[in-house]
There are 2 protein chains.
Amino acid sequence: MAQQTEAVRRTPLTRDRVLRAAVALADDIGIEALSMRKLAKELGVVPMALYKHVSNKEQLLDGMVDVVMGEIDPPAPGSNWKSTVRHRILSARRAFLGHPWAAQVIQSRSSPTPVVLAYMDSVIGMFRTGGFSVDLTHHVMHALGSRMMGITQELFDAPPAPRAQTAPSQEDAGEYPYVMELAGAVAHDEDSVLGRGCDDQFEFEFALDLLLDGFERLRQQGWSSAGHLRGKTP
Amino acid sequence: MAQQTEAVRRTPLTRDRVLRAAVALADDIGIEALSMRKLAKELGVVPMALYKHVSNKEQLLDGMVDVVMGEIDPPAPGSNWKSTVRHRILSARRAFLGHPWAAQVIQSRSSPTPVVLAYMDSVIGMFRTGGFSVDLTHHVMHALGSRMMGITQELFDAPPAPRAQTAPSQEDAGEYPYVMELAGAVAHDEDSVLGRGCDDQFEFEFALDLLLDGFERLRQQGWSSAGHLRGKTP
DNA sequence: GCCCTAGGTGTACGCCGTACACCATTCTCT
DNA sequence: AGAGAATGGTGTACGGCGTACACCTAGGGC
């Protein structure tokens with residue numbers, strides 16, 4: 001038997017192969033449908049074989065996030081902190097947009113992997129070398145929150161979704177007048193500046209720039225949290 | 001038999017009782033440990049009994065969110081849009097802080113319940129009556145994102161968590177210099193303006209005010225998305 | 001030839017959500 | 001008053017999940 005056994009034993013399965021297969025499978029079937037058993041089947045292997053490469057499903061998810069983070073461009077050096085940070089964040093956004101499950105997964109992790117930590121370190125570094133104090137940098141990082149990774153966390157993309165329960169749209173229009181007004185304006189925006197409904201990329205950059213501009217103002221005026229005692233006892 | 005059967009049949013189990021019990025149980029044991037079976041046991045009932053009141057677990061989660069939203073104060077009328085919005089959002093935050101699982105759950109819902117929609121409607125209304133155009137209100141709501149509900153979505157509260165793998169803290173300090181600098185500053189902040197580590201409430205209000213101030217500036221200068229064509233073909 | 005180890009296997013357990021058939025009580029209509 | 005339907009709790013069962021544990025097998029170093 002020159003050809004060993006059947007046709008299997010093609011490549012001996014590594015942690016990296018497991019993670020990449022998991023990412024691809026999650027891209028295909030969605031993160032909630034991803035299971036150790038399906039992943040094993042995809043790799044032509046018995047479920048328990050995976051446990052020789054990742055210690056459990058949590059660590060699998062951590063590893064999957066790391067794979068996605070690996071797709072972020074390296075930091076492009078630049079003279080100006082704002083454009084440097086902006087580019088890095090938009091690059092992260094690009095990576096996460098390619099794997100819609102990843103945003104949800106990274107938010108569910110309880111502690112960052114070294115890869116995530118390295119990314120955060122690079123962003124913090126951009127603020128520090130851009131002239132932000134440690135104090136201001138700290139608050140600014142909090143203010144960015146998950147947006148630092150290009151993650152928007154809108155609530156609900158589609159507003160109501162045809163909930164077949166109460167009366168049809170006529171009553172709805174009366175119940176949520178402002179929502180309807182806004183939804184209406186966004187809907188027939190064909191001839192407006194943003195084509196087709198709602199441009200997620202525009203919304204992201206709008207919010208990001210609003211924050212970055214705010215940061216710049218605070219930096220320029222030498223803001224410090226010491227100037228903002230909010231009536232706390234000392 | 002004056003007392004019926006045993007001692008049971010205390011209250012006949014309603015949708016409301018189910019939801020409230022679910023909220024309490026999730027508060028106790030965490031959302032990931034909440035199961036239909038445990039909830040049933042908590043209510044002294046067989047698991048399938050729940051399905052007479054909620055059609056499935058998804059709808060249970062929707063209902064739980066609605067219970068939490070019910071704890072938000074009614075909108076306090078006020079002359080000034082910023083303080084009105086601010087109070088409403090901070091009130092929502094208070095409600096969500098009481099149920100740490102709720103932020104995660106609401107972000108996982110695919111479409112808003114009527115209760116959530118009503119809340120969003122009230123916030124949109126505050127911007128509109130405060131002098132914001134439909135256009136600007138739209139973008140402003142996106143920029144708030146989940147912060148509109150008082151939800152921060154920081155990534156990771158505790159930075160590294162003693163990952164017992166590579167060498168101890170000495171190497172870490174070299175690998176993530178900016179993270180360490182920032183963590184150090186936050187840690188021994190006992191005598192600084194923010195006591196004990198990191199004041200989540202302060203961070204939330206810092207970011208919220210940064211956004212609200214930015215909104216106000218745009219409103220005053222009559223901002224419109226038409227003035228910000230980002231090099232798109234018309 | 002020997003043993004060690006890395007990596008794949010098979011079985012099994014306890015948990016999960018929920019479909020479906022059943023039954024007990026209570027309410028309504030005649 | 002009695003029939004019938006509706007309401008709501010029960011019991012059983014199924015398929016899927018993560019993973020502990022014992023096992024086997026192929027390859028490498030001595």
Side-chain angles (χ1 to χ4, degrees), chain A residues 1-23 25-26 28-65 101 104-105 108-110 165, chain B residues 1-23 25-26 28-65 101 104-105 108-110 165:
Chain A
M1 317 264 178
Q3 62 177 122
Q4 58 248 68
T5 47
E6 276 285 344
V8 276
R9 206 90 331 132
R10 5 184 187 280
T11 21
L13 198 60
T14 66
R15 178 179 159 91
D16 199 67
R17 246 168 52 80
V18 169
L19 294 182
R20 289 182 186 288
V23 166
L25 188 54
D28 267 15
I29 67 175
I31 193 68
E32 72 292 330
L34 177 74
S35 72
M36 299 298 273
R37 295 167 120 101
K38 284 184 198 150
L39 176 55
K41 185 165 293 179
E42 194 75 10
L43 286 162
V45 111
V46 92
M48 287 310 293
L50 302 176
Y51 288 83
K52 289 278 152 64
H53 303 279
V54 297
S55 59
N56 53 42
K57 195 180 181 182
E58 290 292 290
Q59 198 173 104
L60 177 79
L61 293 174
D62 275 346
M64 291 170 67
V65 167
W101 47 269
Q104 179 184 337
V105 169
S108 73
R109 296 317 54 219
S110 58
Q165 44 181 52
Chain B
M1 323 252 181
Q3 61 176 120
Q4 56 248 67
T5 46
E6 277 287 345
V8 275
R9 204 91 331 133
R10 3 181 189 283
T11 22
L13 198 60
T14 65
R15 176 181 161 88
D16 200 68
R17 249 169 49 80
V18 170
L19 295 181
R20 288 182 187 288
V23 166
L25 189 54
D28 268 15
I29 67 176
I31 193 67
E32 71 294 329
L34 176 74
S35 71
M36 299 299 275
R37 295 167 118 102
K38 283 184 199 152
L39 177 55
K41 185 165 290 179
E42 194 76 9
L43 286 163
V45 111
V46 90
M48 287 309 293
L50 302 177
Y51 288 84
K52 289 276 152 65
H53 303 278
V54 297
S55 59
N56 52 45
K57 195 178 182 183
E58 290 291 290
Q59 198 172 105
L60 177 80
L61 294 173
D62 275 346
M64 292 170 67
V65 167
W101 47 269
Q104 179 184 339
V105 170
S108 74
R109 289 333 39 227
S110 58
Q165 44 182 52

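Rounded to a whole Å, the CG atom of B:Leu60 is 10 Å from the P atom of C:dT18. Atoms CD (B:Glu58) and C1' (C:dT18) sit 13 Å apart, rounded to a whole Å. Summarising the geometry, the separation between CZ on B:Arg15 and P on D:dG9 is reported as 15 Å, rounded to the nearest angstrom. Between B:Lys52 atom NZ and C:dT18 atom C1' there is a gap of 12 Å when expressed in whole angstrom units. If you take OH of B:Tyr51 and C1' of D:dG11, they are 15 Å apart, rounded to a whole angstrom. In this structure, B:Leu43 atom CG and D:dT10 atom P are separated by 11 Å, rounded to whole Å. To the nearest angstrom, P of D:dC17 lies 20 Å from CE of B:Met36. Atom-to-atom, CG of A:Leu50 to P of D:dT19 comes out at 11 Å; the value is rounded to the nearest Å.
The side chain of A:Lys38 contributes an N or O atom lying less than 4.0 Å from OP1 or OP2 of D:dC17. Put simply, A:His53 has a side-chain N or O that comes within less than 4.0 Å of OP1 or OP2 on C:dG8.
When distances run from any side-chain atom of B:Asn56 to the nucleotides C:dT18, C:dG8, D:dG18, the shortest one goes to C:dT18. When each of C:dT18, C:dG8, C:dC16 is scored by its nearest atom to the side-chain atoms of B:Ser35, the top-ranked nucleotide is C:dC16. Of the candidate nucleotides C:dG17, D:dC21, D:dT10, D:dC21 has the atom lying nearest to any side-chain atom of A:Met48.
Taking OH of B:Tyr51 as the reference point, atom CD of B:Gln59 lies at 11.5 Å (rounded to 0.5 Å).
Within 3.5 Å, no donor on the side chain of B:Lys57 pairs with an acceptor on the base of C:dG17, nor the reverse. Judged by distance alone, with hydrogens and angles left aside, B:Arg37 brings a side-chain donor or acceptor within reach of the base of C:dG17, the pair sitting under 3.5 Å.
A:Leu39 pairs in a side chain to side chain contact (heavy atoms under 4.5 Å, CB included) with only one of the listed residues (A:Leu19, A:Val54, A:Leu25, A:Val45), which is A:Leu25.
A:Met48 is not listed as a side-chain neighbour of A:Met36, based on a closest heavy-atom distance of 4.5 Å or more. For the pair B:Leu34 and B:Met64, the minimum side-chain heavy-atom distance is below 4.5 Å.
The two atoms that bring B:Ala22 and B:Leu60 nearest to each other are CB-CD1, 4.0 Å, heavy atoms only.
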